[in-house]
Amino acid sequence: MIGLGNMGLPMALNLLRASGPDRHIRKVTVTGRSRERSAALLAAGAAWAGTPRELAEQSDVLILMVPDLPQVEEVLFGPDGVAEASTELVVVVSATVSAAGLRTVDARLRHGTHGRMVLVDAPVSGGTEGAEAGILSIMVGGDVEPVARVLPVLSACGSPLRLGPLGAGAVAKACNQLIVAATMSAIAEASVIAERSGLDLGALLDLLQGGYAGSRVLETKGRRLVERDYTPTGAAKFMVKDLSFAAAAAADTRTVAPTLAAVRESFLRLTEAGLGDQDLAVIHRYVGSL
């Protein structure tokens, strides 16, 4: 695995817990810019590779949890990159990326390795809480054979499901992010209305969670709104990128999506206002400042 940030590290720990000589995951090997960031994994039994190429030589499945396609391309095609290895390999891109860009990278990887390496896309949803608990929803796209090879591995991190050919996972994640952004925006706006009307926000959100307004977003973010806790588990600015992928999918399918346009504009504006490095819940602060 490469990419041991807020999501990647707990995912790697779950992969490690599921590993063993007689299991689908025989061992877990990691690499990155800083060996120190992998200390907990190495102490728990993970192996360390000095470069992406060295890691690829030791692996048959490689999971990338990096920010976007430029980082994917750097890992694959940069100096001592994955594509320089001589092994057969399925590269699983779990980042939220463009479906069209993903297919371009796959074509380059297949051509450059004479078909030895292929991509599968498998973005995830569930946040750091889901990553730590191993209950992520994992949206998978790719050819049937390589997907069959990676599903038992991904099962250590949650519930993977193949939704179609390469890029299907990316489109599914774009749809997921539209729902999350719209839900978070609605909760934030409702919270500001309630507070300005003199309601006890904590009591209200607890009550709403038991009705039709209840959701996983409200469950995990509601308390943050009450306490004004915008400490990032994932930066709000990334939603701008994610919603741009949703907009591209809407355009490709000739779908008119007014909600998408509105929430994309809100997250763009709050990022421009300097709030983008804070948690998704910071849209509550942004709405309150208007």
Can any side-chain N or O of [X] pair as donor or acceptor with the backbone N or O of [Y] at less than 3.5 Å?
X	Y	answer
Asp143	Glu145	no
Thr253	Ala250	yes
Asp279	Val282	no
Thr113	Met117	yes
Arg196	Gly288	yes
Ser266	Ala262	yes
Asp68	Pro70	no
Asp60	Leu89	no
Ser19	Val28	no
Ser38	Leu41	no

**Asked** Given the rule in the side-chain contact (heavy atoms from CB on, under 4.5 Å) test, do Met139 and Val171 qualify, once you have shown the distances and angles that lead to the verdict?
**Response** CA-CA 9 Å; Met139 297 155 269; Val171 173; over 6 Å; no
**Message:** Go through it in stages, so that I can follow the logic: the residues are Thr96 and Lys173, the test is side-chain hydrogen bond (donor to acceptor under 3.5 Å, both in side chains), and I'd like the CA-CA distance, side-chain angles, deciding distance and then a yes or no.
**Reply:** CA-CA 7 Å; Thr96 303; Lys173 181 60 183 291; 2.7 Å; yes
In Å and rounded to the nearest 0.5 Å, what is the [atom1] to [atom2] distance from [X] to [Y]?
X	Y	atom1	atom2	value
Met11	Glu132	CE	CD	12.5 Å
Thr104	Glu73	OG1	CD	8.5 Å
Cys157	Leu15	SG	CG	4.0 Å
Arg162	Leu154	CZ	CG	13.5 Å
Arg216	Ser125	CZ	OG	9.0 Å
Ser289	Leu275	OG	CG	7.0 Å

For residues [X] and [Y], report the shortest heavy-atom separation together with the two atoms involved.
X	Y	answer
Gly167	Leu102	N-CD2, 4.1 Å
Gly158	Pro160	O-CD, 3.3 Å
Ile25	Ala156	CD1-CB, 4.0 Å
Arg264	Ser244	NH2-CB, 3.7 Å
Leu42	Ala46	CD2-O, 3.4 Å
Ala188	Val287	CB-CG2, 4.4 Å

Just wondering, do [Y] and [X] contact through their side chains at under 4.5 Å, heavy atoms?
X	Y	value
Lys27	Thr29	yes
Thr220	Glu129	yes
Leu55	Trp48	no
Leu151	Val140	yes
Leu280	Lys237	no
Leu205	Ser191	yes
Met65	Val124	yes
Met239	Gln177	yes

Treating Ile, Leu, Val, Met, Phe, Trp and Tyr as nodes and any side-chain heavy-atom pair under 4.5 angstrom as an edge, say whether [X] and [Y] lie in one connected cluster.
X	Y	value
Val217	Val192	yes
Val97	Val91	yes
Val147	Leu163	no
Leu16	Ile138	yes
Leu64	Leu13	no

**Asked** So Glu195 and His284, side-chain contact (heavy atoms from CB on, under 4.5 Å) or not? Walk me through it.
**Response** CA-CA 11 Å; Glu195 289 174 307; His284 175 240; 3.1 Å; yes
**Asked** Step by step, would you call Gln278 with Arg285 a side-chain contact (heavy atoms from CB on, under 4.5 Å)?
**Response** CA-CA 10 Å; Gln278 300 187 62; Arg285 177 178 170 185; 3.5 Å; yes
**Partner of Leu62 under side chain to side chain contact (heavy atoms under 4.5 Å, CB included), chosen from Val92, Val90, Ile2** =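 With Leu62 as partner, Val92, Val90, Ile2 yield a single side chain to side chain contact (heavy atoms under 4.5 Å, CB included), made by Ile2.
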**Message:** Which residue in the set Ile187, Thr183, Asp229, Thr233 passes side chain to side chain contact (heavy atoms under 4.5 Å, CB included) when paired with Lys221?
**Reply:**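 Running side chain to side chain contact (heavy atoms under 4.5 Å, CB included) over Ile187, Thr183, Asp229, Thr233 with Lys221 returns exactly one hit, Thr233.
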**Request:** With salt bridge (Lys or Arg N to Asp or Glu O under 4.0 Å) as the test, would you mind laying out the steps for Arg110 and Glu88 before giving the verdict?
**Result:** CA-CA 11 Å; Arg110 288 175 186 253; Glu88 293 188 0; over 6 Å; no
**Prompt:** Should the heavy atoms of other residues, nucleotides or ligands under 6.0 Å from CZ of Arg228 be counted, would the total exceed 12?
**Reply:**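 Enclosed.
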**Message:** Cation-pi check for Phe77 against Arg108: NZ or CZ below 6.0 Å from the six-membered ring centre and within 45 degrees of the axis, yes or no?
**Reply:**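 Yes, Arg108 sits over the ring of Phe77.
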**Request:** Show your working on side-chain contact (heavy atoms from CB on, under 4.5 Å) between Leu109 and Val118 and close with a plain yes or no.
**Result:** CA-CA 7 Å; Leu109 183 64; Val118 300; 5.9 Å; no
**Request:** Answer with yes or no whether the side chains of Glu54 and Thr31 bring together a donor and an acceptor at under 3.5 Å.
**Result:**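 Their side chains do not contain a donor-acceptor pair, so the 3.5 Å distance test is not met.
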